[in-house]
Amino acid sequence: MSFFKKIFSTEKKETLDKGLEKSKSSFFGKLSKAVAGKSKVDDEVLDNLEEVLVSSDVGVNTTLKIIERIEDRVAKDKYLGTEELNLILREEIAGLLSETNTGEETEFSIPQNKKPYVIMVVGVNGVGKTTTIGKLAYQFKKKGLKVVLGAADTFRAAAIDQLQVWADRVEVPIVKQSMGSDPASVAFDTLKSATTQDADVVIIDTAGRLHNKVNLMNELTKVKRVMQKVVEDAPHDVLLVLDGSTGQNAFEQAKQFTAATEVSSLAVTKLDGTAKGGVVIGISDQFKIPVKYIGVGEGIEDLQVFNKFEFVDSFFK
Ligand SMILES: Nc1nc2c(ncn2[C@@H]2O[C@H](COP(=O)(O)OP(=O)(O)O)[C@@H](O)[C@H]2O)c(=O)[nH]1
Ligand SMILES: [Mg+2]
C-alpha cells in the first residue's frame with residue numbers, strides 16, 4: 001500500500017485510480033514490451049521508451065527531456081537495470097511536474113484577500129467548461145463560500161441553459177442575458193451582482209467558438225477590461241479547460257489560448273475512459289502553467305484538485 005493513502009482521502013484516490021486505469025494499463029503494457037528480454041537500460045531500451053512516452057501523449061519535447069535525464073543516469077550507472085525503470089520514470093516525472101505545480105494542494109480553495117475572487121473559464125466548445133464550472137461551484141459552496149455564476153457564453157442558447165441547469169442543481173445564483181448578447185456585458189452584470197450580494201467567488205463561462213486568434217484575443221481582452229470596471233484586478237484566475245481525451249489536440253489548444261490571453265491555470269477533463277492521461281504530464285511541463293483541476297467523470301463530485309503526488313502515485317502504483 002502506498003503511503004499517500006494516509007494523507008489523501010481514500011475515496012478521492014480511488015476515483016483517481018479508476019480514472020487513470022486505461023492510461024495506466026496502456027502505458028505499462030507498452031513499457032513491458034519495450035523492455036521485454038532486457039535486463040539493463042541500453043540504447044535500444046531508451047529508444048523504445050521514447051516511443052512509449054510519445055505514443056502515450058506525453059508530447060515530444062517532454063519525452064526528450066525525460067529520456068535525456070534517464071540517459072544521464074545511465075551514464076553514471078552503466079548497469080541500470082530495467083526493473084528499476086519504473087521507479088526512475090516515476091521520479092523524473094514527479095520532478096518535471098514539480099517545476100510548475102507546487103503539488104501541495106489537496107483542497108478546493110481560493111485566496112482569502114480577494115473578494116469576490118473572479119475565475120474566468122476559457123476553452124473551445126465541448127471540452128467541459130460548463131461542467132467544470134458546475135462541479136467547482138458545488139465544491140466551493142460545500143466549503144461555505146458564496147458563489148455566483150455568469151453565463152457569458154452567449155453564442156448558443158443551449159450553452160446558457162446548460163449553465164442554468166448546473167446553477168439549479170448546485171443552488172447558486174446565475175446572471176444571464178439572452179442569446180447573442182455581449183459577453184462582456186454579461187460579465188459586467190455578474191460582477192455587479194456578486195459585489196452587491198457580497199459573494200466570495202464568481203465563475204464566468206465564456207464561448208470557445210472563436211476560430212481565429214485575433215477574434216479570440218479581442219473578445220477575451222474586452223471581457224477582462226469590462227470586468228475591471230467593477231473589480232479592479234479581475235479576473236484573478238484565467239482557467240483554461242482542455243479535454244484530456246483529445247491528446248495532441250489539447251496541446252494545440254493550449255498553444256492557441258496562451259497566445260491569445262494570459263492563462264493562469266489549467267483544468268484537464270475527461271481523464272476517465274481515456275488512455276491519454278499522459279497528456280497532463282506533457283502539458284504541465286510544456287506550458288509551465290499549473291494544472292489545477294482534473295475531471296474524472298461526468299458527475300458533480302468528479303472534479304479533483306490536481307495533486308502531483310497523488311497523480312504520479314496513481315499512475316505508477
Ligand atoms: N467523462 C467525462 N465527461 C466529461 C467530463 N467533463 C465534461 N464532460 C462531458 O463533456 C461534454 C461537454 O461538456 P460541456 O461542459 O458542455 O463543455 P463546454 O462546451 O466546454 O461547456 C458533456 O457531455 C460533459 O458531461 C469529465 O471529466 N469526464
Ligand atoms: Mg458550455
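Atoms within each ligand, like the ligands themselves, are counted from 1 in listed order.
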heavy-atom search around atom 4 (C) of ligand 1 in the protein gives Lys270 CG, 3.6 Å
Using a strict 4.0 Å cut-off to heavy atoms of Gly295, name the atoms of ligand 1 that fall inside it. 27 (O)
What atoms of ligand 1 come within less than 4.0 Å of a heavy atom belonging to Val296? 27 (O)
Do the side chains of Val35 and Asn48 get nearer than 4.5 Å, heavy atoms only? no
Is the closest heavy-atom distance from Asp205 to ligand 1 below 4.0 Å? no
Residue, atom name and distance, where the atom is the protein heavy atom closest to atom 17 (O) of ligand 1: Gly128 N, 3.0 Å
Test side chain to side chain donor-acceptor pair (under 3.5 Å) on Lys308 and Ser284; report intermediate values, then the result. CA-CA 10 Å; Lys308 67 171 184 239; Ser284 154; over 6 Å; no
Please classify the Leu271 to ligand 1 contact at 4.0 Å (heavy-atom distances, strictly less than): side chain, backbone, both or neither. neither
Contacts of type side chain to side chain donor-acceptor pair (under 3.5 Å), residue Lys30, not counting sequence neighbours: Ser55
Close-contact set for ligand 1 against Asn125 heavy atoms, below 4.0 Å: 19 (O)
Is the backbone N or O of Val238 less than 3.5 Å from a side-chain atom of Ser264, with the two atoms forming a donor-acceptor pair by type? yes
Show which atoms of ligand 1 fall inside a sub-4.0 Å distance from at least one heavy-atom site of Gln162. 16 (O)
Taking the side chain from Lys141 and the backbone from Glu171, do they hold a donor-acceptor pair closer than 3.5 Å? yes
Nearest protein heavy atom to atom 15 (O) of ligand 1, by residue and atom, and its distance? Thr131 OG1, 2.6 Å
Closer than 4.0 angstrom: is that true for some heavy atom of Asp302 and an atom of ligand 1? no
Top protein contact for atom 20 (O) of ligand 1, by heavy-atom distance: Lys129 N, 2.8 Å
Would a 4.5 Å heavy-atom cut-off, applied to side chains only, mark Glu51 and Val54 as touching? no
Of Asp153, Thr206, Thr130, the residue with the heavy atom nearest atom 21 (O) of ligand 1 is Thr130
What I'd like to find out is whether the side chain of Leu163 reaches to under 4.5 Å of the side chain of Asp153, using heavy atoms alone. no
Under 3.5 Å, side chain of Gln286 to main-chain N/O of Asn61, donor-acceptor pair present? no
With a cutoff of 4.0 Å, is Gly126 in contact with ligand 1, counting heavy atoms of the residue only? yes
Is the shortest side-chain heavy-atom distance between Gln177 and Ser185 below 4.5 Å? yes
Looking only at protein heavy atoms, which one is nearest to atom 26 (C) of ligand 1, and how far off is it? Gly297 O, 3.2 Å
If you measure from each non-hydrogen atom of Lys135 to ligand 1, which part falls under 4.0 Å: side chain, backbone, both or neither? side chain
Sidechain N-carboxylate O distance under 4.0 Å for Glu21, Lys18: no
Within-4.5 Å side-chain heavy-atom neighbours: Leu20 and Phe311: yes
contact_flag Gly273 ligand 1 heavy-atom lt 4.0 Å: no
Ignoring water, what protein N, O or S atoms are under 2.8 Å from the Mg ion (ligand 2)? Thr130 OG1
Please identify which of these residues, Phe306, Tyr117, Tyr293, meets the ring pair (Phe, Tyr, Trp, His ring centres under 6.0 Å) condition with Phe108. Tyr293
With heavy-atom distances below 4.0 Å as the criterion, list the atoms of ligand 1 near Val124. 20 (O)
Note: Asp17-Lys13 ion pair, threshold 4.0 Å (strictly below): yes
Considering non-hydrogen atoms only, spot the tightest contact between Val263 and Leu240 and give its length. CG1-CB, 3.5 Å
Distance from atom 23 (O) of ligand 1 to nearest protein heavy atom, with residue and atom: Glu298 OE2, 3.5 Å
Which of Leu53, Ile281, Ile283, Asp57 passes side chain to side chain contact (heavy atoms under 4.5 Å, CB included) with Thr62? It is Ile281
List the closest protein heavy-atom neighbour of atom 1 (N) of ligand 1: residue, atom name, distance to the nearest 0.1 Å. Asp272 OD2, 2.8 Å
